[in-house]
> 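Here you go, one structure.
The basis for the numbers below is simple: all heavy atoms, side chains too, and nothing from hydrogens, waters or symmetry mates. Just follow the structure's listing: the first ligand is 1, and inside any ligand the first atom is 1.
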Amino acid sequence: MTKKVAIFISGSGSNMVSLVNSMYRQNYAWPSLVLSNKTCASGLTKAKKFNIPSVCIEPKKASGLDLDFEAEIQRELKNYKIELICLAGFMRVLSNSFVDSWPGKILNIHPSLLPKYKGLNTHKRVLENGEKLTGCTVHEVTPELDSGRILGQATVPVLPNDTVETIRLRVLEKEHILYPRTLEQFCLGRSDLVTM
Ligand code: GRF
């Protein structure tokens, strides 16, 4: 049976699009729900074009623990019989109890070569530190931020005239290849690290 996947977004949803296209092509899993925490997320329109059920649940609190928000998410996940969650540019930290209720069943893509540059503003920090190499990482989500088991990693060079925006675009291009590839391996039960 192919796993039912929910993709969580907050913005443009370009990773969501690449995941959906890959699942449709390869059939290793099924995109069953797109969930956003922002009504303005343009990725919601993209999900509608795919005819994938989409929901927007906005938290009442700007940050921190919001039990009503998470309870509503859990209800939707149950409603759509979701088995696996892919965070794809979802800019809201989920509580420990939420993460613990989905053990080994939440994946995330982070725009750096973890364990380096956890958290926000990764490209800015990469530039400031004069790194020659950066990239992106797909990992399991655990209560500790950006620290779960690494499943896939892709590198990109940092070039002499790079800006935050040029690096962001170069990394994003790789994200669109790495995330589907890693999700496929994960769904097929293969534990080898995916590298690019
Ligand atoms: C990606 O760079 C992802 O790594 C980060 O947020 C961005 C989301 O982009 N967490 P998109 O919404 O998939 O276009």
> Enter the distance from Glu128:CD to Asn121:CG here, rounded to the nearest 0.5 Å.
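The CG atom of Asn121 is 8.5 Å from CD of Glu128, to the nearest 0.5 Å.
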> For atom 3 (C) of ligand 1, what is the closest protein heavy atom, and at what distance to 0.1 Å?
Glu175 OE1, 3.2 Å
> I'd like to check whether Gly13 has a polar contact with ligand 1, where a contact means an N/O of the residue lying under 3.5 Å from an N/O of the ligand.
yes
> Starting from atom 8 (C) of ligand 1, which protein heavy atom do you reach first, and at what distance in Å?
Gly89 CA, 3.6 Å
> Glu83 vs Lys4, test: salt bridge (charged side-chain N to carboxylate O under 4.0 Å, His left out). Steps then yes/no.
CA-CA 5 Å; Glu83 297 165 280; Lys4 287 177 189 279; over 6 Å; no
> In the protein, which heavy atom is nearest to atom 9 (O) of ligand 1, and how far is it?
Asn15 ND2, 3.9 Å
> When you measure from the heavy atoms of Ile109 to every atom of ligand 1, does any distance fall below 4.0 Å?
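Contact present.
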> Which of the numbered atoms in ligand 1 are under 4.0 angstrom from any heavy atom belonging to Ser14?
11 (P), 12 (O), 13 (O), 14 (O)
> In terms of relative ring orientation, are His139 and His110 parallel, tilted or perpendicular, with 30° and 60° separating the classes?
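Plane angle over 60°, so perpendicular.
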> When rounded to the nearest 0.5 angstrom, what distance separates CD1 in Ile106 from CG in Leu94?
6.0 Å
> Under a 4.0 Å heavy-atom limit, does Met91 contact ligand 1 with its side chain, its backbone, both, or neither?
neither
> For ligand 1, which atoms, with element, lie under 4.0 Å from some heavy atom of Pro111?
4 (O)
> Any side-chain donor-acceptor pair under 3.5 Å between Glu70 and Ser95?
yes
> Is there a donor in the side chain of His176 and an acceptor in the side chain of Ser14, or the other way round, less than 3.5 Å apart?
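There is such a pair between these side chains.
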